[in-house]
Amino acid sequence: QDAAYWEVIVLQPGHIAVGVAKPAAAEQLPPTLGEGTTSFGSTWGVLELAKDDVIGVCFQHSDLPMITFFLNGQPCEGREVIRVKGPVCPAVGVGESEVELRLSDFRFKPPSERFLPLMAAKDMLRAS
């Protein structure tokens with residue numbers, strides 16, 4: 001899959017990090033995604049988000065691998081992450097917050113038809 005879209009819905013505001021991580025590192029993420037070489041993302045502070053806000057994530061793996069973010073359907077300028085390397089999976093880090101991860105039935109339409117709902121890879125999603 002070259003381009004995917006998913007959403008993170010804020011149920012309880014707090015510190016929230018959204019992005020992608022290498023599968024081997026996904027279970028032991030640092031509090032902020034993008035520290036080191038195993039994760040890539042952006043972090044929102046407690047005052048930047050409200051209950052029911054929606055963080056949209058567009059990931060493209062072709063051309064220039066990158067992540068772009070949207071808040072309630074509007075682009076988040078300056079939060080883009082470029083040159084994402086290797087196989088990755090969605091990652092969300094939460095502190096005292098609570099979120100819902102949506103892989104379909106989106107609240108906001110992806111910015112382009114190119115960004116499809118994330119397709120699960122056999123070894124990417126694990127049951128807990």
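Everything quoted here is computed from the prediction, not taken from an experiment.
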Check: With the 4.5 Å side-chain cut-off for hydrophobic clustering, are V94 and I67 part of the same group?
Finding: yes
Item checked: F40 CZ to I82 CD1 distance, which is reported to the nearest 0.5 Å -> 11.5 Å
Margin query: Given 3.5 Å as the limit, does a donor-acceptor pair link the side chain of T43 with the main chain of A17, or not?
Written below: no
Next item on the list: Apply side-chain contact (heavy atoms from CB on, under 4.5 Å) to the pair W44 and S97, showing each step before the final yes or no.
Entry: CA-CA 11 Å; W44 280 262; S97 54; over 6 Å; no
Notebook entry, point to check: Taking the side chain as C-beta and beyond, is there a heavy-atom pair between V10 and V8 under 4.5 Å?
Noted result: no
Checklist line | Partners passing salt bridge (charged side-chain N to carboxylate O under 4.0 Å, His left out) against E98 (at least two apart in sequence or in another chain) | finding: none
Checklist line | Counterpart residues, side-chain contact (heavy atoms from CB on, under 4.5 Å), relative to P75 (two or more places apart) | finding: F70, E77
Item checked: Other residues, nucleotides, ligands: >12 heavy atoms within 6.0 Å of E96 CD -> yes
Margin query: With rounding to the nearest 0.5 angstrom, report the CG to CD1 distance, L11 to I9.
Written below: 7.0 Å
Note to self: For residues 99-108, which residue pairs pass the side chain to side chain donor-acceptor pair (under 3.5 Å) check, not counting sequence neighbours?
What the structure shows: E100-R102
Next item on the list: Mind listing the closest non-hydrogen atom pair of G41 and V81 along with its distance?
Entry: O-CG2, 3.7 Å
Next item on the list: For residues F69 and L71, determine if any side-chain heavy atom of one lies less than 4.5 Å from a side-chain heavy atom of the other.
Entry: no
Item checked: Joint cluster assignment, V20 & I16, ILVMFWY side-chain distance < 4.5 Å -> yes
Under 3.5 Å, sequence neighbours excluded: what are the donor-acceptor pairs made by side chains of residues 50-59?
| residue | atom | partner | partner atom | Å |
| --- | --- | --- | --- | --- |
| D53 | OD1 | N72 | ND2 | 2.9 |
| D53 | OD2 | A50 | N | 2.8 |

Notebook entry, point to check: Do any pairs count as a salt bridge (charged side-chain N to carboxylate O under 4.0 Å, His left out) and have a residue in residues 4-19, sequence neighbours left out, and if so which ones?
Noted result: none
Next item on the list: For E48, enumerate each residue passing the side chain to side chain donor-acceptor pair (under 3.5 Å) test, keeping only those at least two apart in sequence or located in another chain.
Entry: R79
